[in-house]
Amino acid sequence: MDLKYLETFKTIIEEGSYARAADKLGYTQSTITFQVQQLEQELSIKLFEKIGRRMQLTKAGETLIPYVEETLLSFTKMQSLGTSLADMKQSLSVGVAETQLCYRLPPLLKKFHQIAPGTKLFLRSMNCYEIRDALIDGRLDMGIFYENVGGNTDSLTLHKMDSHAMTLIASPATKKQYPDFKTSGQRLDLPYIIDEPNCIFREIFTDYLREKDIHLGHTIELWSIPTIINLVKNDMGISYLPTFTVEKDLEDGSLCAIETDYDHMEITAVCAHHKNKWLSPVMQVFIDLLTNAQKS
């Protein structure tokens with residue numbers, strides 16, 4: 001039996017369709033179909049059935065999943081025996097919080113590639129809650145997010161990376177007009193520019209506004225931290241972000257910090273994986289790079 005057929009089967013399950021599996025593996029969809037058919041012939045079972053327009057797992061296919069995962073894991077372990085990191089051919093699926101991916105990870109990813117050039121990294125910019133849930137469900141190998149999401153992490157192993165200060169930011173003109181975010185009971189005709197509703201930073205600052213009974217004009221919801229920062233620079237409103245994302249802007253004066261009673265608030269970045277996940281040598285190197293970055 002060709003192991004690549006098992007890998008294809010596993011990828012279809014993870015990605016949810018033949019088309020997405022083909023895209024991830026670099027195959028045509030006809031190749032994916034052929035490999036599934038070959039696997040079905042060798043096992044003498046039907047793995048998928050078409051219901052409407054969708055292909056769904058059969059009961060036999062569901063039963064096969066743990067055996068495929070065990071076989072592929074055993075093969076990966078055997079491959080790592082006596083193989084240097086530079087020669088290992090593996091892939092890692094990693095979900096990353098956008099602020100970490102944009103501002104903290106690039107130099108570490110470069111170093112990782114130098115150590116393990118044969119490892120393919122599949123990086124996805126994701127919401128912290130989505131990363132946590134995908135790790136629990138086994139849809140990601142590793143995740144980099146903020147432990148402040150809390151809850152439902154008992155099945156995960158968390159490796160602390162670093163703690164980061166938070167800052168309420170505004171343009172100089174906006175701060176001059178709205179300098180006070182400590183006095184309770186204010187009604188400010190000022191937009192709050194921030195990420196999606198489940199964004200950790202948004203949740204923290206929304207709690208602060210609720211505690212202080214401060215009401216803002218409205219919320220501008222975006223999905224790009226750099227875009228949020230650029231809008232704040234252009235007098236469009238305020239935002240609440242990790243300080244490391246705006247350090248240069250604060251230094252050159254294009255942005256200002258507004259004082260709050262949350263000025264000592266910190267969020268902690270972690271690298272995580274399922275506690276039952278076998279840590280391959282390349283995964284361990286990846287974790288070491290992330291957790292030791294602050295010490296170096």
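We're numbering straight along the sequence, starting at 1.
Here the CD-CG distance, from E130 to D137, works out to 12.0 Å after rounding to the nearest 0.5 Å. Rounded to the nearest 0.5 angstrom, I65 CD1 and E70 CD are separated by 14.0 Å. A distance of 6.5 Å separates CD in Q100 from CG in L105, rounded to the nearest 0.5 Å. Note that the CD1 atom of I258 and the OG1 atom of T167 stand 11.0 Å from one another [nearest 0.5 Å]. One distance of note links OG1 of T260 with CE of M265; it measures 8.5 Å at 0.5 Å rounding. One distance of note links CD1 of I131 with CD1 of I144; it measures 8.0 Å at 0.5 Å rounding.
Y178 places a side-chain N or O within donor-acceptor distance of the main-chain N or O of D189, the cut-off being under 3.5 Å. S239 places a side-chain N or O within donor-acceptor distance of the main-chain N or O of I193, the cut-off being under 3.5 Å. T245 contributes no side-chain N or O that, together with a main-chain N or O of L241, makes up a donor-acceptor pair within less than 3.5 Å. Looking only at distances, no side-chain donor or acceptor of E49 sits under 3.5 Å from a matching main-chain atom of Q56. In this structure, the side chain of T243 engages the main chain of A165 through a donor-acceptor pair within 3.5 Å. At least one donor-acceptor pair under 3.5 Å links the side chain of T58 to the backbone N or O of L47. The backbone N or O of N198 lies less than 3.5 Å from a partner atom in the side chain of N127, making a donor-acceptor pair. In this structure a side-chain-to-backbone donor-acceptor pair under 3.5 Å is missing from R202 to I194. Under a 3.5 Å cut-off, the side chain of Y129 and the backbone N or O of C199 do not form any donor-acceptor pair.
Contact check for L72 versus K10: side-chain heavy atoms found under the 4.5 Å cut-off. When side chains are defined from C-beta on, V246 counts as touching D249, because their heavy atoms get closer than 4.5 Å. Side-chain contact check for V270 versus H159: every heavy-atom pair is 4.5 Å or farther apart. Residues K233 and L255 have side chains in contact (heavy-atom distance under 4.5 Å, counting atoms from C-beta outward). A heavy-atom distance below 4.5 Å is not found between the side chains of K160 and C271. Counting heavy atoms from C-beta on, the side chains of V285 and F112 come closer than 4.5 Å. Between Y27 and K4, the closest side-chain pair of non-hydrogen atoms falls below 4.5 Å. Considering only heavy atoms from C-beta on, L289 comes within 4.5 Å of I115 through its side chain.
Counting only N and O atoms by type, the side chains of D180 and T183 include a donor and acceptor under 3.5 Å apart. For the residue pair Y5/Q37, the side-chain donor-acceptor check at 3.5 Å is not satisfied. Donor-acceptor pairing under 3.5 Å is recorded for the side chains of T31 and T28. No side-chain donor from either of Q38 and D2 sits under 3.5 Å from a side-chain acceptor of the other. T33 and S30 are not linked by any side-chain donor-acceptor pair at a separation below 3.5 angstrom, with hydrogens and angles left out of the test. When only modelled atom types and interatomic distance are considered, Q35 and T8 share a side-chain donor-acceptor pair under 3.5 Å.
Under the 4.0 Å criterion applied to side-chain N and carboxylate O atoms, K182 and E259 are assigned as salt-bridge partners. A salt bridge links R210 and D207; the closest N-O separation between the charged side-chain nitrogens and carboxylate oxygens is under 4.0 Å. With salt bridges taken as basic N to acidic carboxylate O contacts below 4.0 Å, one links K24 and E15. With respect to the salt-bridge test (charged N to carboxylate O, under 4.0 angstrom), the residues K275 and D154 do not qualify.
Y240 has its ring centre no less than 6.0 Å from the ring centre of F201.
Residues A134 and M126 share a closest heavy-atom pair of CB-CE, 4.3 Å. L250 approaches C256 most closely through the heavy-atom pair CD2-C, 3.7 Å. Closest non-hydrogen pair, L135 versus H274, comes out as O-CD2, 3.6 Å. When all heavy atoms of K277 and D141 are compared, the closest pair comes out as NZ-OD1, 2.7 Å. K175 and A170 make their closest contact through N-CB, 4.1 Å (heavy atoms, listed as atom of the first residue, atom of the second, distance). The heavy-atom pair separating F145 from V149 by the smallest distance is CE1-CG2, 3.7 Å.
Within 6.0 Å of atom OH in Y67, 12 or fewer heavy atoms from other residues, nucleotides or ligands are found, so the atom counts as exposed in its surroundings. For H215, the NE2 atom is densely surrounded, since the number of other residues' heavy atoms within 6.0 Å is greater than 12. Counting heavy atoms of neighbouring residues, nucleotides and ligands inside a 6.0 Å radius, atom NE2 of H218 exceeds 12 of them.
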Could you walk me through whether I136 and R132 pass the side-chain contact (heavy atoms from CB on, under 4.5 Å) check? CA-CA 6 Å; I136 292 171; R132 179 199 63 190; 4.1 Å; yes

Should R104 and T99 be marked as a side-chain contact (heavy atoms from CB on, under 4.5 Å) after you check the CA-CA gap, both sets of side-chain angles, and the distance that decides it? CA-CA 7 Å; R104 305 289 289 182; T99 49; over 6 Å; no

Between D213 and R187, does a side-chain contact (heavy atoms from CB on, under 4.5 Å) hold up when you go through it step by step? CA-CA 9 Å; D213 190 29; R187 302 296 184 268; 3.8 Å; yes

Set out, in order, the CA-CA distance, both residues' side-chain angles and the distance that settles side-chain contact (heavy atoms from CB on, under 4.5 Å) for F9 and I32, then state yes or no. CA-CA 9 Å; F9 174 74; I32 294 290; over 6 Å; no

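Under a hydrophobic clustering in which Ile, Leu, Val, Met, Phe, Trp and Tyr are joined whenever their side-chain heavy atoms come within less than 4.5 Å, directly or via other members, W223 and Y103 fall into different clusters. Linking Ile, Leu, Val, Met, Phe, Trp and Tyr whenever their side-chain heavy atoms come within less than 4.5 Å puts M142 and L123 in one cluster. Note on L3 and L43: same hydrophobic cluster, where clusters join Ile, Leu, Val, Met, Phe, Trp and Tyr whose side-chain heavy atoms are under 4.5 Å apart, directly or indirectly.
The aromatic rings of Y192 and F205 sit tilted, their planes meeting at an angle between 30° and 60°.
Shown here are the side-chain contact (heavy atoms from CB on, under 4.5 Å) partners of Q29, two or more places apart in sequence or in another chain: Y18, A19.
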